[in-house]
Amino acid sequence: MLLSIDNLQVRYGKQVALHIDRPFVIEEGERIGIIGSNGAGKTTLVKSILGLTDYKGSIHTELKREQMAVHMQQNEYVNTMPVKVIMETILDTSIKNNKALQELISYFEFEKCLYKRFSHLSGGQKQRLTIIMVMLQNAPLTFYDEVTSGLDFETRQRLMEKLVNWYKDKENSLCIVSHYYEELEMMADKILLLEQGHIVDFGSKEELFRKYCGRSIFIIDNTEKNRALVSGIEKLEAPEHLLALPSGDVESEHRIAGLLVDADVNFKRSSSDIEIMSTNAKKIFKGQRGGAEYEN
Ligand SMILES: Nc1ncnc2c1ncn2[C@@H]1O[C@H](COP(=O)(O)OP(=O)(O)OP(=O)(O)O)[C@@H](O)[C@H]1O
């Protein structure tokens, strides 16, 4: 076990921003995706673990603070300095003599950026600068908080592929906070789902999908024609423009697929959709707590 939280409460004034009242454990080598709506407490959780905010309760870990690395949402550096100087000063090293740093710079194709000023870097290049510095720490536990926010689709995609490949054969534990479900499908093994400061659920992606969606789901457009076609079939909560049809076994999968094929309806079958899984998990959680708003 790398880190465990038994009971944790973070308050900002009167507001309880985070109340973890069930065990949350990070094991060695795990890749945990942390999801939840805006204000759910994701960053607050990361900050508590890193000791960057006051909390009540217990966080047990054998790791020292310097064995945890973090990439926070916002990264600001001195605007007027060349990036090379920023990097070497913060890391207290010289690129010339640091093989691991050279490897990272080349892996992220960052050579040309070294001689630019920070303010002249693009959003994606700024993110790569911080990622390189975070990765150089090679920490047993690393946090990435919204590492691709603000980037366009292609830049996000390329950055995620780089991150996934870098960590593929490595043992570092990762906690990845993201609003992009496809990123977590690529990077995370487990999902921690937070809502209004509480844990909705925590488990492997497969386990949570089975629990809230069944064996698989068929996703089709929410059109009048499609609604009529599947009117007698069970549906899960889904984004407004979609209909999600769950199936619990192979027979029902064949039945639904047959119906859709016969009616010439385009569909996507998924057994890993994190967005629909989390939407349904949140709905059940809120129902158990007696409504959308609950006391912290
Ligand atoms: N320094 C602070 N002072 C006061 N309230 C804060 C502070 N930091 C966070 N909060 C509040 O605590 C709650 C949780 O915030 P947090 O940043 O952890 O959410 P989040 O899940 O990371 O959200 P987002 O997805 O928008 O980044 C929010 O209601 C937020 O307004």
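Both counts, for ligands and for their atoms, begin at 1 and track the order of listing.
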- Query: Taking ILVMFWY side chains as joined if any heavy atoms are under 4.5 angstrom apart, and letting links pass through other members, which residues group with M1?
  - Reply: V25
- Query: Out of R156, R158, H179, which one pairs with T148 under the side chain to side chain contact (heavy atoms under 4.5 Å, CB included) rule?
  - Reply: R156
Would you be so kind as to tabulate the donor-acceptor pairs closer than 3.5 Å made by side chains of residues 77-87, with sequence neighbours excluded?
| unit_1 | atom_1 | unit_2 | atom_2 | d |
| --- | --- | --- | --- | --- |
| Y77 | OH | T130 | OG1 | 3.0 |

- Message: For H198 and F285, take the angle between the two ring planes, folded into 0 to 90°, and tell me which bin it lands in: parallel under 30, tilted 30 to 60, perpendicular over 60.
- Response: tilted
- Message: Would you call the rings of F108 and W166 parallel, tilted or perpendicular, taking 30° and 60° as the class edges?
- Response: tilted
- Atom-level proximity to ligand 1, residues with heavy atom under 4.0 Å: Y12, Q15, A17, S37, N38, G39, A40, G41, K42, T43, T44, Q73, H179
Please list every donor-acceptor pair under 3.5 Å in which a side-chain atom of residues 209-221 meets a protein atom from a residue at least two apart or in another chain.
| unit_1 | atom_1 | unit_2 | atom_2 | d |
| --- | --- | --- | --- | --- |
| K211 | NZ | D201 | OD2 | 2.6 |
| Y212 | OH | D201 | OD2 | 2.5 |
| R215 | NE | E253 | OE2 | 2.5 |
| S216 | OG | S247 | OG | 3.0 |
| S216 | OG | E253 | OE2 | 3.0 |

